[in-house]
Amino acid sequence: MKKLFLLCLLTGCISIMCQNNNNIIKEISENDPTISIRLLFQTGSQDDPKGKEGLATITAQMLTDASTKQNSYDMILQKLYPMSANYEAQVDKEVTIIAGRTHKDNWNEFYKLFKQAVLEPAFEQSDFDRIKKEHLNYLENTLRYSNDEELGKQALNQFIFQGTSYDHPEQGLIERVKNLTLKDVESFYKQTL
């Protein structure tokens, strides 16, 4: 999958999506001054190991909201801000998407940061602790007390898919997320992405 990622980035398309290890979909718009990139990995929350629900989401966040081997997370934010650029992860039941967007004039610098985020994450303990805390806050407070609609959807999913790998929220389960370690994240990254 990592070789496919490099192939996608080297094409220099305006909009890129990688799928199924062999399809590259590109859309070029002459009027849009931005470049968007979307990488689709066939790994989602259904691939969370039993007892480690939430691992896929935290691993994805460790790629897009954390340090790389070359830059600290603060340094990455400082570099992205003047470019008005960003990249982020979205984890669903079956897939993970890592997407980014920048103005075409900033593509070369953005490309370096994006590539490093996906291929050379630092897996720093401080980043892991921050991301884990954010996930626990979402599960314990936001989902439970201030997002009735999403809580209802998750309860319905748990009822319908009980006993399957689809029965938990993509962000995980509170007690399972509490038990996740940085070593779990590194291992999951190496095995699945």
Side-chain angles (χ1 to χ4, degrees), residues 1-28 35-69 86-102 110-123 127-128 131-132 134-135 138-139 143 150 153-154 156-158 160-173 176-177 179-193:
M1 183 61 82
K2 290 181 182 181
K3 289 181 184 177
L4 177 62
F5 169 78
L6 289 175
L7 174 66
C8 291
L9 286 179
L10 294 176
T11 62
C13 303
I14 299 300
S15 178
I16 303 169
M17 178 181 240
C18 302
Q19 241 177 16
N20 299 333
N21 290 336
N22 59 7
N23 295 326
I24 299 173
I25 303 166
K26 53 187 170 181
E27 176 187 321
I28 300 175
I35 298 176
S36 297
I37 183 166
R38 293 172 60 85
L39 304 177
L40 183 137
F41 297 92
Q42 292 187 333
T43 300
S45 64
Q46 72 170 354
D47 299 301
D48 289 338
K50 193 74 173 159
K52 297 185 184 294
E53 290 81 356
L55 184 56
T57 300
I58 289 181
T59 302
Q61 293 302 127
M62 287 292 290
L63 301 183
T64 60
D65 295 337
S67 305
T68 63
K69 291 179 181 173
N86 74 319
Y87 48 82
E88 60 190 7
Q90 176 187 347
V91 177
D92 202 346
K93 297 290 186 193
E94 296 180 349
V95 298
T96 297
I97 296 173
I98 300 189
R101 184 178 191 119
T102 190
F110 176 79
Y111 163 77
K112 289 177 197 171
L113 295 171
F114 187 84
K115 178 182 166 188
Q116 291 167 3
V118 177
L119 297 179
E120 302 175 45
F123 295 118
D127 291 327
F128 173 75
I131 289 168
K132 182 176 171 179
E134 289 169 2
H135 280 270
Y138 173 80
L139 291 169
L143 183 61
E150 188 60 30
K153 287 179 194 176
Q154 293 302 336
L156 181 61
N157 276 340
Q158 192 169 20
I160 292 171
F161 297 111
Q162 187 174 13
T164 71
S165 59
Y166 282 68
D167 70 351
H168 64 278
E170 288 84 355
Q171 293 81 10
L173 301 170
R176 308 294 165 75
V177 170
N179 293 326
L180 293 177
T181 66
L182 183 57
K183 187 174 180 177
D184 294 330
V185 169
E186 290 182 78
S187 177
F188 190 78
Y189 171 80
K190 290 175 185 173
Q191 292 172 6
T192 60
L193 299 177

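In this text, all values refer to a predicted model and were calculated from it rather than measured experimentally.
In this structure, the side chains of I35 and R101 stay at 4.5 Å or more apart for every pair of heavy atoms. Residues V177 and L139 are in side-chain contact: their nearest non-hydrogen atoms beyond the backbone lie under 4.5 Å apart. The shortest side-chain heavy-atom distance between F128 and I58 falls under the 4.5 Å cut-off. In this structure, the side chains of S45 and K93 come closer than 4.5 Å at one or more pairs of heavy atoms.
Residue I37 comes nearest to F110 through the heavy atom pair CG2-CE2, 4.3 Å, listed as atom of the first residue, atom of the second, then distance.
Not a single donor-acceptor pair under 3.5 Å links the side chain of S187 to the backbone N or O of K183. Judged purely by atom type and a 3.5 angstrom limit, Q171 has no side-chain atom pairing as donor or acceptor with the backbone of P169. The backbone N or O of T43 sits less than 3.5 Å from a side-chain atom of T96, completing a donor-acceptor pair.
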(request) Using the side chain to side chain contact (heavy atoms under 4.5 Å, CB included) rule, take F114 and N86 through it: C-alpha gap first, then chi angles, then the decisive distance, then the call. (result) CA-CA 9 Å; F114 187 84; N86 74 319; over 6 Å; no
(request) Output, in order, the C-alpha distance, side-chain angles, deciding distance and verdict of side chain to side chain contact (heavy atoms under 4.5 Å, CB included) for I131 and D65. (result) CA-CA 8 Å; I131 289 168; D65 295 337; 4.3 Å; yes
(request) Verify side chain to side chain contact (heavy atoms under 4.5 Å, CB included) between L40 and Q42, making sure each step is shown before the conclusion. (result) CA-CA 7 Å; L40 183 137; Q42 292 187 333; 4.1 Å; yes
(message) Pair R38, I98 - check side chain to side chain contact (heavy atoms under 4.5 Å, CB included), show working.
(response) CA-CA 6 Å; R38 293 172 60 85; I98 300 189; over 6 Å; no
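Within the structure, salt bridge (charged side-chain N to carboxylate O under 4.0 Å, His left out) contacts touching residues 40-52 (residues at least two apart or in different chains) are K52-D184.
Scanning for side-chain contact (heavy atoms from CB on, under 4.5 Å) contacts around Q46 gives E94, S165, Y166, with sequence neighbours left out.
Atoms CG and NE2, from L55 and H135 in turn, are 10.5 Å apart once rounded to the nearest 0.5 Å.
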